[in-house]
Protein chains: 2
Amino acid sequence: MSMQDAGEKKLRPARTNATKQKLFDASMELIGERGAAGVTVDEIAAAAGVSKGTVYYNFGSKSDLIAQLLRHGVDILHARLVSVQDSSADPLAAMDEMIGQAMDFMAEYPSFARLWVSENWRIPSEWQDTFAELRGRLLAVIGGAIEGVAARYPVDESISRGSLETAIFGACFVVGLDRQTYNPERTREQSVAAIMAIMRGYVRK
Amino acid sequence: MSMQDAGEKKLRPARTNATKQKLFDASMELIGERGAAGVTVDEIAAAAGVSKGTVYYNFGSKSDLIAQLLRHGVDILHARLVSVQDSSADPLAAMDEMIGQAMDFMAEYPSFARLWVSENWRIPSEWQDTFAELRGRLLAVIGGAIEGVAARYPVDESISRGSLETAIFGACFVVGLDRQTYNPERTREQSVAAIMAIMRGYVRK
DNA sequence: CTAACCAAACTGACCAGTCAGTTCAAATAG
DNA sequence: CTATTTGAACTGACTGGTCAGTTTGGTTAG
């Protein structure tokens, strides 16, 4: 459940980075379970084994902590998705692999997935801009994979690329979360196969 | 944005029913936008043009109000979904129509959809049992539609029925919400077509 | 030596839930 | 037809508690 580092920042703050990491882990867990508004800064500090003041020393505010949390999680997911992009010859197999990576991510960081779906579609969210940007980054990768399929296979052009991206992207989160929450007996492969049905329906028969 | 009545109760409480309706409408709107924890009972009362005490007269608690809100919304969606079930001869067309109904619902009650995805996968939620029950009711309808397709067409049996239900169900919410929030230019048909790709991928080529 | 951290007290705002009192429409009495 | 009663529906001030964020004075690790 711990989020590894995704990019060192400075030379000096070795201590700070460790503290930030502990705070990321703790708040991801708590916020994923009870929602951003349902968790107090005191709880987060306690769970991270750190004092409340330290939270405000490392992050300007609760809101800022959450924004950085979102960035951090997306960095990890994004890195995993782009890692497949060119590793496979067959674009359909690449898509399969990519969805598999997404499922693994949801299994490893279910709390992040919960946080994402909980806050993503709120209308005047404090993190609206953050979401828009991060969402775009992720959708671009999926879009690239779809592009790859469309370049090598005959596809149903009547289906809008954007809606397709959204459907796959959303299905990954929902299927992954559902597996975690309601159907732990479902395998990774079953889940990937169900989502891949979208792609097979996109490719012309 | 108003949720119509779903069943009269008594003769006398004509006033109460109207009040409940106003409270449903107001809280759906507010909670959908800012989340269950982010909205105060005072705000809900004010938005409904009613005093705070009235909220507690009609509902036992904030939590109870939200539980009833969830039931109310699902009743409406469920009614729309079952209405298609037998209206069409071709099960694939029925599926198409059903997804269309879901998209219409998401467009009419985006706040309900937001509330649903915000709270659905929380781990120890106060509404866990409510969610489990309501989720089951909706999935059963979708499962029936898939059943219908599987009965008339050759399908890919390697895809688990449960995962497929989840993928379609989830895609409806996510695609519907995304259209509302980020891509209002997308048409109902585009959205339905993208989700229907799942079914076309399920049917054997 | 200094950036990072701790512990704990404090502020000011906010909020769920309560309750004593008010309104009013319909039922009943005169 | 008018007067009175009844009680469901509603009101809003109030209470006890919570929480984000601040401050301060001291501690520790690199």
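First the proteins, then the strands, lettered A, B, ... as listed; each starts at 1. Basis for what follows: all heavy atoms, side chains included, without hydrogens, waters or symmetry-related copies.
The aromatic rings of Phe169(B) and Phe173(B) stand perpendicular to each other, their planes meeting at an angle above 60°, with 30° marking the opposite boundary. The aromatic rings of His72(A) and Phe24(A) sit parallel to each other, their planes meeting at less than 30°, with 60° as the upper class boundary.
The distance from atom CD of Glu126(B) to atom P of dA16(C) is 12 Å, rounded to the nearest whole Å. Rounded to an integer number of Å, the gap from NZ of Lys62(B) to C1' of dC14(C) is 12 Å. Following rounding to the nearest Å, Leu30(A) (CG) and dC19(D) (C1') show an atom-to-atom distance of 15 Å. The nearest whole Å value for the distance from the NZ atom in Lys20(B) to the C1' atom in dA8(D) is 13 Å. In this structure, Leu23(B) atom CG and dA9(D) atom P are separated by 13 Å, rounded to whole Å.
Residue Ser51(B) has its side chain nearest to dG12(D) when only dG12(D), dA16(C), dT22(D) are considered. Nearest nucleotide to the Thr54(B) side chain, out of dT11(D), dA13(D), dA20(D): dT11(D). Nearest nucleotide to the side chain of Lys52(B), out of dA3(C), dG12(D), dG21(D): dG12(D). In this structure, the nucleotide among dA20(D), dT11(D), dG17(C) sitting nearest to the side chain of Tyr56(A) is dA20(D).
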CA sep, side-chain torsions, deciding dist, call: Glu126(A), Lys62(A), salt bridge (Lys or Arg N to Asp or Glu O under 4.0 Å): CA-CA 11 Å; Glu126(A) 326 175 39; Lys62(A) 184 185 182 184; over 6 Å; no
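Taking 4.0 angstrom as the limit, Asn58(A) places a side-chain polar atom (N or O) nearer than this to OP1 or OP2 of dC5(C). A close approach under 4.0 Å does not occur between any side-chain nitrogen or oxygen of Tyr57(A) and OP1 or OP2 of dC5(C). OP1 or OP2 of dG21(D) has not a single side-chain nitrogen or oxygen of Ser61(A) nearer than 4.0 Å.
Atom-to-atom distance recorded for Leu164(B):CG and Ile146(B):CD1 is 4.0 Å, nearest 0.5 angstrom.
Rounded to 10 degrees, the angle separating the terminal helix axes of the helix from dC1(C)-dG30(D) to dG30(C)-dC1(D), each built from five base pairs, is 20°.
Under the ring-ring contact (aromatic ring centres under 6.0 Å, His included) criterion, Tyr56(B) pairs with no residue at all, not counting sequence neighbours.
Remark: Lys20(A) is positioned above the aromatic ring of Phe59(A), its terminal NZ or CZ atom under 6.0 angstrom from the ring centre and at most 45 degrees off the axis.
Close placement of the Trp116(B) and Phe131(B) rings is indicated, their centers lying within 6.0 Å of each other.
Within the 4.5 Å cutoff, side-chain heavy atoms of Arg114(A) are placed close to those of Thr181(A).
At a non-hydrogen distance threshold of 4.0 Å, Val39(A), Thr40(A), Val41(A) from residues 35-48 of chain A come into contact with DNA chain D.
Between the side chains of Thr166(A) and Ser163(A), no donor-acceptor pair of N or O atoms lies under 3.5 Å.
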